[in-house]
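These notes concern the structure reproduced below.
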Amino acid sequence: MNICGDYEALNLMVEEALQYTKHGKVANYIPALSTANRDLLSLSIYEGESTVASAGDTFKTFTLQSISKVLALALALMDKGEDGVFSRVGMEPTGDPFNSIIKLETHSPSKPLNPMINAGALAVTNMIEGNSVDEKLGRLLSFIHELTGNSSITFNEQVAISEYNTADLNRSLAYFLKQHDVVTGNIERLLELYTKQCAIEVNCEDLAKIAYVIGNEGRHVETGRSIIPLHIARIMKTFMTTCGMYNASGEFAIKVGIPSKSGVSGAIMASVPHGPGIGIYGPSLDEKGNSIAGMKLLESLSHRYDLNIF
Ligand code: DON
């Protein structure tokens, strides 16, 4: 498939999807995200062997937010194995918003239902090995450098601090989980690591490359060397399909049908199995916290290039 060569159509699809930005809002519960420009929309598609196409404001960088949960999960699975990770976090979609607390109390045991909701992600981040926040974050960043081939990627300090200072809901989730022995250790250090992880800053091309590796059996974009074991790449794609767009995952699977993960920055990472990796940034969000124009754009891409995996 040569989607990258279809440059005019890609530009046109971005332009068409742009009109939807006015129906959404940028996230403001993390103050540093509230200054984003609602009318941006950018796209990169990576098809391997350095073939990349971009449209829109492609140099714009943004934070991964919840997309980092997929990468933290991969690292935790490499560190602790499936039994270790899934003894503390489940595999089921919730049908609730990403920051919901309700099922932690109504479900027994109080294990978060999946690693994509905030409670589950906090439990996963808590399992990343390392002796300090810096060491753990450093391991996650090195992993992302390897996935993208871009070793200049780091986290945005201002966004991390802004979230850390206002993360009272995540703080309560984490303390609740500690009370129930799902997470261990110092909760403030966990919040520090989690908010820094969410504030890792990339551009659309980086995101498309990460998506490509996940979609293509965990192999390095150029050398083909295995970066993520195949069974872990499968788990990542599966969670992206069942829980990646939160309580919109079902509708998204029907309309788009590509394993994808969103973040409240407005980013979406979409991995077509054995196909292209797609990175999108459009900070105008719908009420479920997903990029409103980004989802429309993925719908068009899926139809035009027959990318629906179902
Ligand atoms: O924990 C939070 O609320 C954010 N750092 C990440 C949430 C998020 O990206 C949800 N995605 N749509």
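Counting starts at 1 for both ligands and their atoms, following the listed order. Just so you know, these numbers come straight off a predicted model, no measurement behind them. These numbers come from the heavy atoms of this one structure, side chains and all, not from hydrogens, waters or symmetry mates.
Distances below 4.0 Å separate heavy atoms of F98 from the following atoms of ligand 1: 3 (O), 7 (C), 10 (C). Each of the atoms 5 (N) of ligand 1 lies under 4.0 Å from some heavy atom of C198. Shown in contact with G263 at under 4.0 Å from a heavy atom are these atoms of ligand 1, numbered in order with element: 9 (O), 11 (N), 12 (N).
Within the 4.0 Å heavy-atom criterion, the part of N118 lying near ligand 1 is the side chain and not the backbone. Residue contacts with ligand 1 for N170 involve side-chain atoms from C-beta outward but no N, CA, C or O (heavy atoms, distance under 4.0 Å).
For the 3.5 Å distance criterion, the side chains of S262 and N290 qualify, holding a donor opposite an acceptor. Counted by atom type alone, N99 and Y29 present zero donor-acceptor pairs between their side chains at under 3.5 Å. Remark: the T125 side chain and the Q197 side chain contain an N/O donor-acceptor pair separated by less than 3.5 Å.
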Open item on the list: Go through it in stages, so that I can follow the logic: the residues are Y164 and R171, the test is side-chain contact (heavy atoms from CB on, under 4.5 Å), and I'd like the CA-CA distance, side-chain angles, deciding distance and then a yes or no.
Closed with: CA-CA 9 Å; Y164 182 82; R171 226 172 230 107; 3.5 Å; yes

Task: Candidate pair C204 and F62, rule side-chain contact (heavy atoms from CB on, under 4.5 Å), full reasoning - done: CA-CA 9 Å; C204 276; F62 49 86; 4.0 Å; yes

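The nearest heavy-atom contact from the protein to atom 7 (C) of ligand 1 is S66 OG, 2.9 Å. Of the protein's non-hydrogen atoms, the one nearest atom 3 (O) of ligand 1 is Y29 OH, 2.5 Å. Protein heavy atom closest to atom 1 (O) of ligand 1, with residue, atom name and distance, is Y194 OH, 2.6 Å. The nearest heavy-atom contact from the protein to atom 12 (N) of ligand 1 is G289 O, 3.1 Å.
Checking side-chain atoms of K178 against main-chain N and O of G185 turns up a donor-acceptor pair under 3.5 Å.
With a 4.5 Å cut-off on side-chain heavy atoms, L147 and I228 count as touching.
Between K261, E163, Q65, it is E163 that holds the heavy atom closest to atom 2 (C) of ligand 1.
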